[in-house]
Amino acid sequence: MLIKEIKPIGKVGRDLKKCENADEIIDKIIELPLRKACKIFKNKNIETNMSSANKKNLPKDGKRVEKEDLKIDDKIHYFKPNFVSAGKGYAWIMLNYDKLSNENKDKIFELENELTEKCVWLVYSMYYAKFNKPEDYDEYKKKYDEKSFRLVYNNKYPRRAVFIRMPISDDTTVEEVESYFGDIANEFCGQ
């Protein structure tokens, strides 16, 4: 089966770490190519916030959105660029960086080097930047903030997010996406 045959589900999830029937919920709200990886992350107690791998993610006119396409200035931006930009030409999973163990944060930086910055986005929410909520600051947050860029999304999602992305095309299969994200999820440690 090809990604171009996958319809978007468009359902909002919830905290699955506390659900007894998490696998059933994943099967209902996560698109087929990403279910395996989301289950692996759940079993490792790693918070996934959003994901997408469907026909709407296919590149338009062969063009993928890269972070250099999303540069914004310091003016207030209410709606764009937003997290949907992460999926223009890519299947993706969003992780909550701040809730990762230090070992898994190190894994994120390894993946960024290994897969390149095109496939690992470190994103800081514009929502939080606007309201400047105070927080404890450590070396991992500092390292993250030095490499991150801003996107607009609301406070239902984490202040610091990691988008793990895979380039897709009309010929990309569900199995290729499932294998790519499953292999990545298996590299993380349980926490």
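Atom set for the values below is all heavy atoms of this structure, side chains included, hydrogens, waters and symmetry mates excluded. Keep in mind that what you see is a predicted model, and the values were worked out from it rather than measured. Position 1 is the first residue of the sequence, and the numbers go up from there.
Q191 places a side-chain N or O within 3.5 Å of a backbone atom of S101 that can act as its donor or acceptor partner. For the pair R165 (side chain) and W121 (backbone), a donor-acceptor distance under 3.5 Å is absent.
Atom NZ of residue K4 and atom CG of residue D171 lie 6.5 Å apart, to the nearest 0.5 angstrom. Taking OG of S51 as the start and CZ of R35 as the end, the distance is 10.0 Å to the nearest 0.5 Å. Considering OH of Y90 and NZ of K118, their distance stands at 5.5 Å, rounded to 0.5 Å. Between the NZ atom in K36 and the CD1 atom in I30 there is a gap of 16.0 Å [rounded to 0.5 Å].
K88 and E66 are not joined by a salt bridge, as no carboxylate oxygen comes within less than 4.0 angstrom of a charged side-chain nitrogen. A salt bridge links K107 to E187: one of the charged nitrogens lies within less than 4.0 Å of a carboxylate oxygen. Between D27 and K39 there is a salt bridge, since at least one side-chain N of the basic residue sits less than 4.0 Å from a carboxylate O of the acidic one. Salt-bridge check for D98 with R160: passed, with a basic side-chain N closer than 4.0 Å to an acidic carboxylate O.
Using a 4.5 Å heavy-atom threshold, the side chains of I3 and P33 count as touching. Looking at L58 and I168, their side chains come closer than 4.5 Å, going by heavy atoms from C-beta outward. Taking the side chain as every heavy atom from C-beta outward, K44 and C189 never approach each other to under 4.5 Å. Proximity of M166 to W92: side-chain heavy atoms (C-beta onward) are nowhere separated by under 4.5 Å. E5 places none of its side-chain heavy atoms less than 4.5 Å from the side chain of K55. Between I93 and F181, some side-chain heavy-atom pair lies under the 4.5 Å cut-off. Looking only at side-chain heavy atoms (C-beta outward), F188 and E103 stay at 4.5 Å or farther from each other. Proximity of I26 to L34: side-chain heavy atoms (C-beta onward) are nowhere separated by under 4.5 Å.
Annotation for E146: atom CD counts as buried by contact number, over 12 foreign heavy atoms lying within 6.0 Å.
Taking every heavy atom of both residues into account, V120 and V162 meet most closely at CG1-CG1, 4.1 Å. Here the shortest heavy-atom pairing between L111 and I184 reads CD1-CG2, 3.9 Å. Pairing each heavy atom of P167 with each of C119, the nearest pair is CD-SG, 3.9 Å.
Ring geometry for Y97 against F109 counts as perpendicular: the plane angle is over 60°, on a 0 to 90° scale with 30° as the lower cut.
No hydrogens or angles considered: a donor-acceptor pair under 3.5 Å links the side chains of Y124 and R159. E31 and N54 share a side-chain donor-acceptor pair at under 3.5 Å.
Here salt bridge (Lys or Arg N to Asp or Glu O under 4.0 Å) pairs that include residues 174-183, with residues two or more places apart or in two chains, number zero.
The salt bridge (Lys or Arg N to Asp or Glu O under 4.0 Å) check on K56 picks up nothing, with sequence neighbours excluded. Looking at residues two or more places apart in sequence or on another chain, you find no salt bridge (Lys or Arg N to Asp or Glu O under 4.0 Å) involving K60.
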